[in-house]
Amino acid sequence: MNIILLGPPGAGKGTQAMKISKHYELPHISTGDILRENITNNTNLGIRAKSYMSKGELVPDELLITIIKERLLQNDCSKGFLLDGYPRTIPQADALNMILTESNKKLDVVLDIHVDDGELLKRLSGRRMCSCGASYHVIFNPPMVEGICNVCKSKLYQRDDDKAEAIKNRLVVYKKQTQPLIEYYTNKGLLHIMDGSKEIQQIFDDIKTVLDKI
Ligand code: AP5
Ligand code: MG
């Protein structure tokens with residue numbers, strides 16, 4: 001199964017992706033996580049991406065297209081993949097179509113997680129992350145031990161772009177550059193809207209209902 005998770009910052013893409021990836025045994029490909037890993041390792045890509053990400057801007061398309069092309073060629077994607085945070089612009093979506101066509105693959109579904117802006121602000125400002133990819137919230141989804149990851153026991157941290165100014169800009173950028181993808185994938189008959197305001201497990205149950213029909 002080849003899946004795209006779409007939705008604004010804080011919609012719960014990463015949270016649901018962890019569950020989908022485990023349940024359906026699909027590689028979870030988060031371009032945000034890939035970029036953050038490059039920043040941590042101080043690679044050329046990380047150095048270029050950092051200034052965009054800290055302001056809440058999108059990293060240029062050509063960098064992302066190269067990343068995703070290389071990642072989708074890896075062996076673990078042969079039976080399917082779950083994209084989280086890619087594509088984010090129409091040129092990225094067009095590039096993905098080309099990459100998939102070249103390898104005789106196609107998209108099966110685009111899950112679009114809907115949440116209103118007020119709730120997104122609350123979710124992002126209370127989010128705590130782990131380097132293993134797990135995401136928590138101080139109130140809505142706290143870890144068992146405060147500040148420590150349930151999965152790998154590492155210390156949790158707050159993302160640089162979860163500060164008020166960057167959050168505001170990310171929401172503006174999402175509406176301008178990413179939201180047009182909703183129409184793009186609706187026209188391809190691939191879009192499924194998920195109500196992201198529900199509880200985490202309820203949303204996952206709704207997602208399973210959609211995916212189990214594919
Ligand atoms: P990225 O890392 O993809 O961030 P994002 O899209 O802004 O989304 P988030 O990761 O912030 O939110 P999420 O939807 O994963 O929510 P989560 O599950 O954590 O991208 C970061 C940056 O990298 C971009 O701004 C850009 O600069 C760059 N970038 C990445 N990809 C790019 C691309 N393709 N092109 C160009 N640039 C790119 O949940 C949020 C919080 O809510 C958590 O605390 C969680 O515990 C809580 N929560 C989740 N679900 C629920 C629920 N149902 N109820 C209550 N709380 C919930
Ligand atoms: Mg995420």
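All ligand and atom numbering here is 1-based and tracks the order in the structure.
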Student: If you apply the rule side chain to side chain contact (heavy atoms under 4.5 Å, CB included), what do you find for Thr31 with Val59, and how did you get there?
Tutor: CA-CA 10 Å; Thr31 43; Val59 176; over 6 Å; no
Student: What protein heavy atom sits nearest atom 11 (O) of ligand 1, and how far away is it?
Tutor: Arg170 NH2, 2.5 Å
Student: Measuring from Ser125:OG to Asp162:CG, what's the distance to the nearest 0.5 Å?
Tutor: 8.0 Å
Student: Using distance alone, decide if ligand 1 has a nitrogen or oxygen within less than 3.5 Å of any nitrogen or oxygen in Glu199.
Tutor: no
Student: Name the closest protein heavy atom to atom 9 (P) of ligand 1, giving the residue it belongs to and the distance to 0.1 Å.
Tutor: Arg127 NH1, 3.2 Å
Student: Can a donor-acceptor pair be found, under 3.5 Å and without considering hydrogens, that links the side chain of Lys153 to the backbone of Asn150?
Tutor: yes
Student: Report yes if Ala11 has an N/O atom closer than 3.5 Å to an N/O atom of ligand 1; otherwise report no.
Tutor: yes
Student: Distance under 4.0 Å to a non-hydrogen atom of Asp161: what atoms of ligand 1 satisfy this?
Tutor: 21 (C)
Student: Given Lys163 and Asp160, is the side chain to side chain contact (heavy atoms under 4.5 Å, CB included) satisfied, shown in steps?
Tutor: CA-CA 6 Å; Lys163 298 190 178 115; Asp160 273 356; 3.7 Å; yes
Student: At what distance is the nearest protein heavy atom to atom 54 (N) of ligand 1, and which residue and atom is it?
Tutor: Arg123 NH2, 3.4 Å
Student: Suppose I only count heavy atoms of Pro9 and a 4.0 Å limit; which atoms of ligand 1 are within that range?
Tutor: 5 (P), 7 (O), 8 (O), 12 (O)
Student: Should you measure from each heavy atom of Gly14, which atoms of ligand 1 turn up under 4.0 Å away?
Tutor: 13 (P), 15 (O), 18 (O)
Student: Regarding Asp206 and Gln202, is there a side-chain donor-to-acceptor distance under 3.5 Å anywhere?
Tutor: no
Student: Please report whether ligand 1 has a polar contact with Asp162, defined as an N or O pair separated by less than 3.5 Å (distance criterion only).
Tutor: no
Student: Enumerate the atoms of ligand 1 whose separation from the nearest heavy atom of Gly85 is less than 4.0 angstrom.
Tutor: 31 (N), 32 (C), 33 (C), 34 (N)
Student: Hey, does Phe81 have a side-chain heavy atom less than 4.5 Å from the side chain of Arg71?
Tutor: no
Student: Could you identify the single nearest non-hydrogen protein atom to atom 27 (O) of ligand 1 and state the distance to 0.1 Å?
Tutor: Glu57 O, 2.6 Å
Student: With heavy-atom distances below 4.5 Å as the criterion, would you say the side chains of Leu58 and Leu64 are in contact?
Tutor: no
Student: Checking a contact table here: which protein heavy atom is nearest atom 23 (O) of ligand 1, and how many Å away?
Tutor: Met53 CE, 3.3 Å
Student: Using a heavy-atom cut-off of under 4.0 Å, does the side chain or the backbone of Ile200 touch ligand 1, or both, or neither?
Tutor: both
Student: Looking only at protein heavy atoms, identify the closest one to atom 31 (N) of ligand 1 and say how far it is in Å.
Tutor: Thr31 OG1, 2.8 Å
Student: Nearest protein heavy atom to atom 12 (O) of ligand 1, by residue and atom, and its distance?
Tutor: Gly10 N, 2.8 Å
Student: With rounding to the nearest 0.5 Å, note down the distance linking OH in Tyr174 to NZ in Lys176.
Tutor: 15.5 Å
Student: Go through it in stages, so that I can follow the logic: the residues are Leu96 and Leu72, the test is side chain to side chain contact (heavy atoms under 4.5 Å, CB included), and I'd like the CA-CA distance, side-chain angles, deciding distance and then a yes or no.
Tutor: CA-CA 10 Å; Leu96 178 63; Leu72 290 178; 3.7 Å; yes
Student: Is the closest heavy atom of Arg36 to ligand 1 under 4.0 Å?
Tutor: yes
Student: Give a yes or no on whether a salt bridge exists between Lys106 and Asp108, defined as a side-chain N under 4.0 angstrom from a carboxylate O.
Tutor: yes
Student: When you measure from atom 56 (N) of ligand 1 to each heavy atom in Tyr86, Phe140, Tyr52, Tyr136, which option holds the nearest one?
Tutor: Phe140
Student: Could you list which atoms of ligand 1 come closer than 4.0 Å to a heavy atom of Asn141?
Tutor: 46 (O)
Student: Does Gly12, backbone or side chain, put an N or O under 3.5 Å from an N or O of ligand 1?
Tutor: yes
Student: Is there a side-chain contact between Leu171 and Pro9 in this structure, where contact means two heavy atoms from C-beta onward sitting under 4.5 Å apart?
Tutor: yes
Student: Run down the list Leu35, Leu6, Ile67, Val59 and name the one with the heavy atom closest to atom 36 (C) of ligand 1.
Tutor: Val59
Student: Report yes or no: do Thr43 and Asn38 form a side-chain donor-acceptor pair below 3.5 Å?
Tutor: yes
Student: So, regarding Lys198 and ligand 1 (criterion: nitrogen or oxygen to nitrogen or oxygen, under 3.5 Å), is there a contact or not?
Tutor: yes
Student: Identify, for atom 6 (O) of ligand 1, the protein heavy atom at the shortest distance, and state residue, atom and that distance.
Tutor: Arg88 NH2, 2.4 Å
Student: From Ile200 CD1 over to Asn141 CG, what is the distance, rounded to the nearest 0.5 angstrom?
Tutor: 4.0 Å
Student: Holding to ring pair (Phe, Tyr, Trp, His ring centres under 6.0 Å), I want the full list of residues that pass it with His28, two or more places apart in sequence or in another chain.
Tutor: none
Student: Please set out all donor-acceptor pairs under 3.5 angstrom arising from side-chain atoms of residues 178-185, sequence neighbours excluded.
Tutor:
from   : atom 1 : to    : atom 2 : distance (Å)
Thr178 : OG1    : Arg88 : O      : 2.8
Tyr184 : OH     : Asp94 : OD1    : 2.7
Tyr184 : OH     : Asn97 : ND2    : 2.9

Student: Nearest to atom 10 (O) of ligand 1 by heavy atom, Lys13, Gln177, Arg159: which?
Tutor: Arg159
Student: Report yes if some N/O of Gly56 lies less than 3.5 Å from some N/O of ligand 1; otherwise report no.
Tutor: no
Student: Enter the distance from Lys208:NZ to Lys19:NZ here, rounded to the nearest 0.5 Å.
Tutor: 8.0 Å
Student: Under 4.0 Å from a heavy atom of Ile203: which atoms of ligand 1 are those, numbered in the order shown and with their elements?
Tutor: 53 (N)
Student: Please list, in number order, the atoms of ligand 1 under 4.0 Å from a heavy atom of His137.
Tutor: 44 (O), 46 (O)
Student: Please list, in number order, the atoms of ligand 1 under 4.0 Å from a heavy atom of Gln92.
Tutor: 33 (C), 34 (N), 35 (N), 36 (C)
